[in-house]
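Residue numbering restarts at 1 for every chain, and letters A, B, ... go by the order of the sequence lines.
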Number of protein chains: 2
Amino acid sequence: MSRRSGILEFAVLGLLRESPMHGYELRKRLNTSLGIFRAFSYGTLYPCLKTLVANGWLIEEPGSASEEALASSLAGRRAKIVYRLTTAGKEHFEVLLSHAGPDAWEDEHFAARFAFFGQTERDVRMRVLEGRRSRLEERLEKMRASLARTRERLDDYTLELQRHGMESVEREVRWLNELIESERAGRDQRSGPDTPAPLDHDSGETGGLPRHGGSTRPDPSDDTAK
Amino acid sequence: MSRRSGILEFAVLGLLRESPMHGYELRKRLNTSLGIFRAFSYGTLYPCLKTLVANGWLIEEPGSASEEALASSLAGRRAKIVYRLTTAGKEHFEVLLSHAGPDAWEDEHFAARFAFFGQTERDVRMRVLEGRRSRLEERLEKMRASLARTRERLDDYTLELQRHGMESVEREVRWLNELIESERAGRDQRSGPDTPAPLDHDSGETGGLPRHGGSTRPDPSDDTAK
DNA sequence: AATTTCATGTAATTCGTTACATGATTCC
DNA sequence: GGAATCATGTAACGAATTACATGAAATT
């Protein structure tokens with residue numbers, strides 16, 4: 001019952017799987033740690049957590065998240081609430097992870113799925129990546145068709161906007177190609193037609209993603225918007 | 001009264017400024033012609049049109065959009081409704097076009113603004129482009145900071161997702177740089193500190209956007225989703 | 001004649017935000 | 001002791017979707 005959002009639910013479950021957290025911290029992770037995620041507000045997050053608890057996927061635990069356990073024995077007036085994944089919650093997340101349906105390749109949903117690829121089985125990863133790619137290729141077809149149809153009638157700016165949009169999509173397709181290729185490369189070792197693809201959670205072995213020069217520079221500034 | 005959405009309202013006004021249309025056609029233009037626009041549904045579009053009519057910015061006219069004017073004299077049972085911009089509507093759109101506030105540089109809003117740059121004054125264009133760029137640069141700062149802070153603790157996939165996300169943003173910044181530069185190049189001719197930048201609607205002269213090789217191939221297929 | 005595409009709408013529902021209200025903890 | 005940040009929530013609202021309902025025009 002109560003079909004909560006999908007993407008938020010999924011991300012919360014995924015983050016809590018790694019370690020228990022309270023709502024505030026969860027929100028920060030949602031905004032920053034994961035790639036694309038837009039900032040969910042508390043007005044969205046807390047009610048969602050309630051629902052997940054009601055479904056038996058999470059349990060609320062009083063404080064003691066980091067080190068404020070010292071004051072915990074004093075009268076329990078409004079302690080922090082730490083959320084922890086239950087066994088049922090873990091199983092539910094596992095099920096969500098294994099679904100590779102058409103929902104999984106829409107923009108935001110895809111990003112969420114990708115963010116938890118580390119805990120996803122290889123064949124599911126493949127289906128999601130390939131699904132996403134063909135979704136984008138469809139989109140490209142439409143863009144090209146529409147561009148060919150309207151061309152001439154559009155001013156330079158509209159044209160430039162479309163060109164840039166198409167280029168972005170083409171770029172993502174190339175990215176997916178690299179990823180798919182490197183997934184395939186990671187597979188090999190005498191694969192029979194039906195090797196059941198063992199999950200390789202936290203086993204250090206990922207087959208190696210494509211290399212890119214990462215240009216990051218340290219700069220601690222505030223991280224909360226507004 | 002009734003503060004309808006902003007982006008849809010803006011786009012509808014902008015499209016109708018070019019020529020009167022009925023709702024169905026309007027929706028197609030919204031999905032295809034403009035670059036990024038997601039598909040608004042009829043459930044969104046029609047009520048919005050009603051509001052715009054109520055505000056006096058549009059008027060509804062019976063049929064005769066293309067060539068079905070022949071049957072128009074017969075009893076007027078449920079004719080197509082063609083929407084036309086009123087003078088008040090034109091003025092309102094003009095006002096919206098001149099606003100270059102912080103709303104204008106959010107993702108979708110920016111795309112909508114850019115799509116109508118052909119009817120926007122040059123100094124407004126500049127402010128919007130520069131606003132957008134600094135918005136993205138802020139975002140980059142946060143991403144870099146968060147990446148530097150978390151690094152190591154993240155698995156390869158999460159890292160790769162962030163890397164790709166950042167690269168996309170960097171790429172858009174470069175695009176904006178090109179656009180800004182070419183706007184500046186188009187300005188020149190002895191510009192005093194305060195030249196009032198004439199609007200150059202449909203006057204063929206745009207100063208020239210940066211050149212790119214457009215790889216488009218014709219392919220008429222269906223354009224309606226689902 | 002039947003199907004598809006064009007065309008217009010409404011009601012219920014979903015997803016999420018803003019603004020509000022409250023309180024605890026940490027830093028200065 | 002006052003400000004900033006951490007922390008948890010709720011109520012009202014907003015934007016847009018889905019599913020539904022209807023009907024006209026064009027195509028086969």
Side-chain angles (χ1 to χ4, degrees), chain A residues 1-12 21-31 37-51 53 60 62-72 74-83 103 106 108-109 222-226, chain B residues 1-12 21-31 37-51 53 60 62-72 74-83 103 106 108-109 222-226:
Chain A
M1 300 98 217
S2 74
R3 268 274 145 274
R4 281 262 162 215
S5 168
I7 145 147
L8 179 54
E9 171 185 311
F10 177 78
V12 165
M21 259 178 277
H22 50 253
Y24 194 87
E25 202 180 337
L26 209 37
R27 185 188 180 242
K28 271 199 302 190
R29 300 281 309 266
L30 244 26
N31 301 339
F37 289 10
R38 55 142 147 27
F40 286 100
S41 64
Y42 298 120
T44 312
L45 180 58
Y46 285 115
C48 172
L49 286 168
K50 286 269 177 72
T51 307
V53 169
E60 301 180 342
S64 83
S66 327
E67 77 235 38
E68 76 277 14
L70 337 101
S72 67
L74 299 166
R77 42 211 221 233
R78 187 102 110 111
K80 286 195 227 181
I81 298 171
V82 174
Y83 292 91
D103 316 354
E106 286 314 310
E108 293 208 309
H109 215 310
D222 83 287
D223 56 84
T224 16
K226 249 175 198 170
Chain B
M1 299 99 215
S2 75
R3 266 274 145 275
R4 281 260 162 215
S5 168
I7 145 149
L8 179 54
E9 171 185 310
F10 178 77
V12 164
M21 259 177 277
H22 50 254
Y24 194 86
E25 202 180 338
L26 208 38
R27 185 189 179 240
K28 272 199 303 188
R29 302 280 312 262
L30 244 26
N31 300 340
F37 289 10
R38 57 143 145 27
F40 286 101
S41 64
Y42 297 120
T44 313
L45 179 59
Y46 285 116
C48 171
L49 285 169
K50 285 270 175 73
T51 307
V53 169
E60 302 180 342
S64 82
S66 326
E67 76 234 39
E68 75 278 12
L70 337 101
S72 68
L74 299 166
R77 40 212 220 223
R78 186 105 107 112
K80 287 196 228 182
I81 297 170
V82 174
Y83 293 90
D103 317 355
E106 286 315 309
E108 295 208 308
H109 215 311
D222 83 286
D223 56 82
T224 14
K226 250 178 196 165

Whole angstrom is fine here: how far is it from [atom1] in [X] over to [atom2] in [N]?
X	N	atom1	atom2	answer
Glu25(B)	dT5(C)	CD	C1'	14 Å
Glu108(B)	dA16(D)	CD	C1'	11 Å
Glu60(B)	dT8(C)	CD	C1'	11 Å
Lys80(A)	dA7(D)	NZ	C1'	8 Å
Asn31(B)	dA16(D)	CG	P	14 Å
Leu45(B)	dC6(C)	CG	P	16 Å
Tyr24(A)	dG23(C)	OH	P	18 Å
Leu26(B)	dC6(C)	CG	P	15 Å

Please tell me if the side chains of Ile7(A) and Phe10(A) come closer than 4.5 Å, counting only heavy atoms from C-beta onward.
no
Only counting residues at least two apart or in another chain, list the ones meeting ring pair (Phe, Tyr, Trp, His ring centres under 6.0 Å) with Tyr83(B).
none
Test: Arg27(B) cationic atom under 6.0 Å from Phe40(B) six-membered ring centre, within 45° of axis
no
Does [X] place a side-chain N or O at less than 4.0 Å from the phosphate oxygens OP1/OP2 of [N]?
X	N	answer
Lys50(A)	dT10(D)	yes
Tyr42(A)	dG9(D)	no
Ser41(B)	dA16(D)	no
Thr44(A)	dT17(C)	yes

If you round to the nearest 0.5 Å, how far is NZ of Lys50(A) from CD of Glu60(A)?
7.0 Å
To the nearest 0.5 Å, what is the distance between CD (Glu25(B)) and NZ (Lys80(B))?
8.0 Å
Criterion side chain to side chain contact (heavy atoms under 4.5 Å, CB included) on Tyr24(A) and Ile81(A), from CA distance to verdict:
CA-CA 10 Å; Tyr24(A) 194 87; Ile81(A) 298 171; over 6 Å; no
Sort by first number and list every stem of DNA chain D: at least 3 consecutive Watson-Crick or G-U wobble pairs, both distances under 3.5 Å.
C:1-28 with D:1-28
Please name the residue in the list Leu26(B), Leu8(B), Val53(B) that meets the side chain to side chain contact (heavy atoms under 4.5 Å, CB included) test with Cys48(B).
Leu8(B)
Any idea which of [options] is nearest the [X] side chain?
X	options	value
Pro47(A)	dT8(C), dC6(C), dT10(D)	dT10(D)
Phe40(A)	dA7(C), dA16(D), dT17(C)	dT17(C)
Ile81(A)	dG9(D), dG9(C), dA7(D)	dG9(D)

Touch check for Gly43(A), heavy atoms < 4.0 angstrom, all strands: base, sugar-phosphate only, or nothing?
base
